[in-house]
K.L.:
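The structure that follows is given in the form of structure tokens.
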Amino acid sequence: MNENPEQIALAKRSTKDIYERQARHWDDVRPTSLYEKPWLDRFASALPPKGRLLDLGCGSGIPVAGYFLGKGYALVGVDYSETMIELARQHYPDTDWPEVEWKVQDIKRLSLSGQFEGIYSWDGFFHLSIDQQRDVLPKLSDLVKAQGAIMLTVGTGEGEVTGTVGGETVYHASLAPDEYKDLLSQGGFETISYVAEDQNCMGRSVLLASGKRA
């Protein structure tokens, strides 16, 4: 459901700065119980046992990036908050984790080399606007290798809403599930699944596309 347009516009302008201000608070309070694990397992089962992953909106790396690093994947973590990336480097320094790269980049303007076996964005991609998601998703599909997968948390229908981080209002948007499926199908994915408000995953709506065609 769409909210007040002025509130939406303000949240859209402010979200990046809010994450920068709230990064350390977010790192302190972000659940680390791996409630996401059923979906992380599903995503991993759609990938080769090893390979290179792209984590979009990686935050401080805990706990999701850590889950995949623990499974032996190489990983590139991207976040537009410099403080989030500083925290990720503290949690997973390259001296101990040579297979990880942390980069300060915006999902809308990625500058990366090569392709990835998998791309995921847990609570990150949905901060892009509707038009930005339409623009970015085909580009992400192009970054996935044959037989690779994409996993995103999204919404339940097309629209813009707000949420909060540390008591400050942030922006969220989503396409309709059918549009996501159409874009991912056009991007070459054979199997696309979507679960709305999964009660086994703290109500997250999750999109998983796998079997990327060569």
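Predicted model only: the values in this text are computed from it and were never measured. When reading the values below, keep in mind they use all heavy atoms of this one structure, side chains included, and skip hydrogens, waters and symmetry mates.
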K.L.:
Tell me if the centroids of the rings in Tyr180 and Tyr194 come within less than 6.0 Å of each other.
P.N.:
no
K.L.:
Any non-hydrogen side-chain atom of Gln115 less than 4.5 Å from a side-chain atom of Val144?
P.N.:
no
K.L.:
Under a 4.5 Å cut-off applied to non-hydrogen side-chain atoms, are Arg89 and Asp94 in contact?
P.N.:
no
K.L.:
Evaluate the side-chain proximity of Ser121 to Met151: yes if any heavy-atom separation is below 4.5 Å, no if none is.
P.N.:
no
K.L.:
Decide, yes or no, whether a salt bridge links Arg30 with Glu36 under the criterion of side-chain N to carboxylate O below 4.0 Å.
P.N.:
yes
K.L.:
Do Leu53 and Ile119 come close enough that some side-chain heavy atom pair is under 4.5 Å?
P.N.:
no
K.L.:
Is the shortest heavy-atom distance from the side chain of Val170 to the side chain of Thr162 under 4.5 Å?
P.N.:
no
K.L.:
So, are Glu117 and Lys145 salt-bridged, with charged N and O less than 4.0 Å apart?
P.N.:
yes
K.L.:
Working note: Lys181 + Glu179, criterion salt bridge (charged side-chain N to carboxylate O under 4.0 Å, His left out); need CA distance, chi angles, decisive distance, verdict.
P.N.:
CA-CA 5 Å; Lys181 291 176 182 178; Glu179 183 172 2; over 6 Å; no
K.L.:
Between Arg24 and Asp27, is there a side-chain N and carboxylate O pair less than 4.0 Å apart?
P.N.:
no
K.L.:
Would you mind telling me which of Tyr73, Phe125, Tyr67, Phe43 makes a ring-ring contact (aromatic ring centres under 6.0 Å, His included) with Tyr120?
P.N.:
Phe43
K.L.:
Using a strict threshold of under 4.0 Å (side-chain N to carboxylate O), is an ion pair present between Lys139 and Asp135?
P.N.:
yes
K.L.:
Is a side-chain donor or acceptor of Lys108 paired with a backbone partner of Gln132 at a separation under 3.5 angstrom?
P.N.:
no
K.L.:
Kindly give the heavy-atom pair with the smallest separation between Gly61 and Ala88, and that separation in Å.
P.N.:
N-CB, 4.3 Å
K.L.:
If we only count heavy atoms from C-beta on, is the Thr169 to Leu10 side-chain gap below 4.5 Å?
P.N.:
no
K.L.:
Look at the rings of Trp102 and Tyr92 and say which category their plane angle falls in: under 30° parallel, 30 to 60° tilted, over 60° perpendicular.
P.N.:
tilted
K.L.:
Using the rule that two of Ile, Leu, Val, Met, Phe, Trp, Tyr join whenever any of their side-chain heavy atoms come within less than 4.5 Å, decide whether Val206 and Leu183 are in one cluster.
P.N.:
no
K.L.:
Which one of Asp79, Thr83, Thr15 satisfies the side-chain contact (heavy atoms from CB on, under 4.5 Å) criterion with Glu20?
P.N.:
Thr83
K.L.:
In plain terms, say whether Asp123 and Arg204 are close enough for a salt bridge, that is, a side-chain N and a carboxylate O under 4.0 Å apart.
P.N.:
yes
K.L.:
Classify the ring geometry between His172 and Phe126 as parallel (under 30°), tilted (30 to 60°) or perpendicular (over 60°).
P.N.:
perpendicular
K.L.:
What are the two closest non-hydrogen atoms of Phe189 and Arg213, and how far apart are they?
P.N.:
O-NH1, 3.9 Å
K.L.:
State yes or no: do Leu54 and Leu207 share one hydrophobic cluster built from I, L, V, M, F, W and Y residues joined by side-chain heavy-atom distances below 4.5 Å, directly or via other members?
P.N.:
yes
K.L.:
Side-chain contact, heavy-atom cut-off 4.5 Å: Val76 with Phe116?
P.N.:
yes
